[in-house]
Amino acid sequence: MSEFFKNAIAIKGDFLPATLETIYMVFFTSIFAGIVGLALGIVLVTTKEGGILENKVLNSILDKFINLLRAVPFIIILAVVAPLTSAIVGTRIGATAAIVPLFFGAFPFYAKQVESALSSIDKGLIEAAVSMGDSPFNVITRVYLREGLQNLVRVSALTMISLIGLSAMAGAIGAQDLGKLAIATGYNRFQDDVVIVSMVLILILVYFVQGISNLAIKKLER
């Protein structure tokens with residue numbers, strides 16, 4: 001076994017920094033994309049036909065804009081937003097620079113997930129809140145967000161898992177994450193053991209996120 005993993009053992013000191021860099025990118029992207037995606041998802045739900053803030057024009061424009069961003073392959077987003085990345089963080093390469101394209105790759109996905117999660121709420125609860133004179137803000141915070149909290153936790157975990165996958169491509173712009181380790185060091189040098197170890201570490205991150213999500217959902221159910 002040690003013979004098979006000799007390459008991974010030789011660079012064992014590289015796996016922890018690569019893992020931490022992956023966590024760094026996913027964590028901060030999740031915060032920024034989560035805030036924007038949640039806001040846009042709420043707007044999509046409340047402005048659609050029959051919504052508490054019905055606005056068909058705004059809803060149509062926003063929906064088309066989000067779908068357009070979702071249709072662009074992430075590897076293309078890396079290149080397209082490079083000038084913006086440089087303007088924001090002062091460089092186009094590295095883990096911090098990767099957060100910008102990761103943000104553009106994640107928030108449209110999360111916005112649609114939020115829309116789907118909140119659309120499943122019983123319309124009777126919303127109608128009851130409106131009939132009692134609650135303001136749109138109160139309906140959003142007391143009905144949409146409270147009743148849809150379990151689904152929001154579920155789609156948030158799904159988005160973070162998707163982000164872990166997207167972050168593996170950040171090596172294309174110089175991030176020294178697990179994806180870069182798996183491809184540049186493992187695949188390109190025919191070191192299959194490095195690829196396997198990198199994949200296992202990525203899977204551990206995925207299962208960690210999923211596990212935290214499951215625990216949170218169970219607590220909310222109680």
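Worth saying up front: this structure is predicted, and the values here are computed from it rather than measured. Each residue takes its place number in the sequence, starting with 1.
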Measure from the side-chain N and O atoms of [X] to the backbone N and O of [Y], and report whether any donor-acceptor pair falls under 3.5 Å.
X: Ser213; Y: Val209; value: no
X: Ser131; Y: Glu127; value: yes
X: Asn59; Y: Leu44; value: yes
X: Ser119; Y: Ser116; value: no
X: Glu54; Y: Gly50; value: yes
X: Asp177; Y: Glu21; value: no
X: Ser198; Y: Leu181; value: no

Does any part of the side chain of [Y], heavy atoms only, come nearer than 4.5 Å to the side chain of [X], both counted from C-beta?
X: Phe103; Y: Val36; value: yes
X: Ile42; Y: Leu38; value: yes
X: Leu125; Y: Asp122; value: yes
X: Leu152; Y: Leu118; value: yes
X: Tyr144; Y: Thr46; value: yes
X: Val194; Y: Ile11; value: yes
X: Pro83; Y: Arg92; value: yes
X: Phe74; Y: Leu102; value: yes

Path from [X] to [Y] over hydrophobic side-chain contacts below 4.5 Å:
X: Ile77; Y: Phe109; result: no
X: Tyr207; Y: Leu205; result: no
X: Phe27; Y: Leu20; result: no
X: Val206; Y: Leu158; result: no
X: Met169; Y: Leu201; result: yes

Rounded to the nearest 0.5 Å, how far apart are [atom1] of [X] and [atom2] of [Y]?
X: Phe137; Y: Arg142; atom1: CZ; atom2: CZ; result: 9.0 Å
X: Ile196; Y: Gln191; atom1: CD1; atom2: CD; result: 12.0 Å
X: Thr159; Y: Arg154; atom1: OG1; atom2: CZ; result: 13.0 Å
X: Asp193; Y: Asn7; atom1: CG; atom2: CG; result: 4.5 Å
X: Met25; Y: Leu178; atom1: CE; atom2: CG; result: 8.5 Å
X: Ile66; Y: Leu40; atom1: CD1; atom2: CG; result: 5.0 Å

Closest approach of [X] and [Y], non-hydrogen atoms and distance?
X: Ala8; Y: Val197; result: CB-CG2, 3.8 Å
X: Pro136; Y: Ile52; result: O-CD1, 3.9 Å
X: Ser167; Y: Thr22; result: OG-CG2, 3.7 Å
X: Ala182; Y: Val195; result: O-CG2, 3.4 Å
X: Asn55; Y: Leu58; result: OD1-N, 3.0 Å
X: Thr29; Y: Ala106; result: CG2-CB, 4.3 Å

| Chi angles and distances behind the side-chain contact (heavy atoms from CB on, under 4.5 Å) call for Phe104, Leu84 | CA-CA 11 Å; Phe104 281 97; Leu84 179 61; 3.6 Å; yes
| said: As a quick check of understanding, evaluate side-chain contact (heavy atoms from CB on, under 4.5 Å) for Tyr24 and Thr96, giving each step before the final call. | reply: CA-CA 8 Å; Tyr24 167 77; Thr96 301; 2.8 Å; yes
Check: [X]/[Y] side-chain N/O donor and acceptor closer than 3.5 Å:
X: Asn151; Y: Ser120; answer: yes
X: Lys56; Y: Thr47; answer: no
X: Tyr110; Y: Ser156; answer: yes

| request: Please lay out, stage by stage, how Arg146 and Thr141 fare under the test side-chain contact (heavy atoms from CB on, under 4.5 Å). | output: CA-CA 7 Å; Arg146 181 175 296 177; Thr141 55; over 6 Å; no
| message | Does Ile93 have more than 12 heavy atoms from other residues, nucleotides or ligands lying within 6.0 Å of its CD1? | response | no
| task | Name all pairs fulfilling the side-chain hydrogen bond (donor to acceptor under 3.5 Å, both in side chains) condition that reach into residues 61-80, sequence neighbours left out, sorted by first residue then second. | result | Ser60-Lys64, Asp63-Asn67, Asp63-Lys112
| task | Test Asp14 against Thr185 for side-chain contact (heavy atoms from CB on, under 4.5 Å), laying out the working first. | result | CA-CA 10 Å; Asp14 293 342; Thr185 304; over 6 Å; no
